[in-house]
Visitor: 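Shown below is the structure under consideration.
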Amino acid sequence: MKLIAPSILNANNLKLGQEIDQAVQAGIKRFHIDIMDGHFVPNLSYGPQLVSDFKAAYPDITAEIHLMANQLDLIEKFVAAGCDLLEFHYEAAPDQVDHWLDYLHEHGVKSGLVLNPDTPVDTVKQFLPKLDQILLMTVYPGFGGQSFLPESVERLHQLRQLVGPDFPVEVDGGINDQTGRKASEAGANVFVAGSYIFGKNEIADQVKELTQAL
Ligand code: DX5
Ligand code: ZN
């Protein structure tokens, strides 16, 4: 099963509700919410209030948090806000990964570990039993609208080999109909797409095109 998780980072903040509604009407069941701290990445985005507002409006839609922050205790705030799945970067604090995976598990929140493009794929091996998903960055994180890094294809093959056939492997960065298909063929099964879905043509058309391409 292939799943599309639109990143709202490239939506129009003043029309956020309308744009999310349109994606939901088009069949989207999960949104990817990028949290940036201005340190781990040189950009800022949203806080926990957005997540609680989102869950109040869409209790049945998955709120997936991609935490790009050095301070992993922020996880507590997003869990309290009601997120369904939270993924954080291995690079932020390698020695705290086990602790925060346990924390998420204890609080009934699904967990994901994120790897930057330079981090070896087999880094995830030791954490696999505790993980619900792995996110392989296909750009250097920080901004929407960047180009898919071609070396991601080989990394995806390696990761798929490592985790077996059904494990959720997500890609994030530069995903469009063409790169999405390449990533899909290489083993990805969850696809974040920001600028491809928002800020172009009709959201429903973009969702449909990406779905067909995968
Ligand atoms: C980048 C973010 C992505 C980004 C995706 O740091 O993690 O989720 O919003 O945007 P596109 O699809 O435009 O690359
Ligand atoms: Zn992201």
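Computation of the quantities below employed the complete heavy-atom set of this structure, encompassing side-chain atoms and omitting hydrogens, waters and symmetry-equivalent molecules. Order of appearance sets the numbers: ligands from 1, and atoms from 1 within every ligand. Being a predicted model, the structure only gives us computed values, none of them experimental.
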Visitor: Does the plane of the ring in Phe54 sit parallel, tilted or perpendicular to the ring in Phe31? Use 30° and 60° as the thresholds.
Guide: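 It falls in the perpendicular class, over 60°.
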Visitor: Could you tell me whether some N/O pair between Gly174 and ligand 1 is separated by less than 3.5 angstrom?
Guide: yes
Visitor: Say whether Tyr140 and Asp118, considering side chains only, have a donor N or O and an acceptor N or O under 3.5 Å apart.
Guide: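 Indeed, the side chains of Tyr140 and Asp118 share at least one donor-acceptor pair under 3.5 Å.
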Visitor: Backbone, side chain, both or neither: what part of Ala193 comes under 4.0 angstrom of ligand 1, heavy atoms only?
Guide: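 Near ligand 1, Ala193 shows its backbone, while the atoms from C-beta on stay back.
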Visitor: Counting from 1, what ligand 1 atoms have a heavy atom of Gly142 closer than 4.0 Å?
Guide: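 In order of number, 1 (C), 6 (O).
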Visitor: Between ND1 of His66 and OD1 of Asp34, what angle is found at the Zn ion (ligand 2), rounded to 10 degrees?
Guide: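 So the angle at the metal works out to 90°.
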Visitor: May I ask you to decide if the ring planes of Tyr103 and Trp100 are parallel, tilted or perpendicular, using 30° and 60° as cut-offs?
Guide: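 Plane angle over 60°, so perpendicular.
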Visitor: Considering only heavy atoms, does Tyr196 approach ligand 1 within less than 4.0 Å through its side chain, its backbone, both, or neither?
Guide: neither
Visitor: Go through ligand 1 atom by atom and flag the ones less than 4.0 Å from a non-hydrogen atom of Ser195.
Guide: 11 (P), 12 (O), 13 (O)
Visitor: Is there side-chain contact between Glu170 and Leu136, with at least one heavy-atom pair below 4.5 Å?
Guide: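 Sidechains of Leu136 and Glu170: no contact.
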Visitor: Considering only the protein, which heavy-atom contact is closest to atom 2 (C) of ligand 1, and what is its distance?
Guide: Asp34 OD1, 3.5 Å
Visitor: Give the atom numbers and elements of ligand 1 that come within less than 4.0 Å of a heavy atom of His66.
Guide: 7 (O)
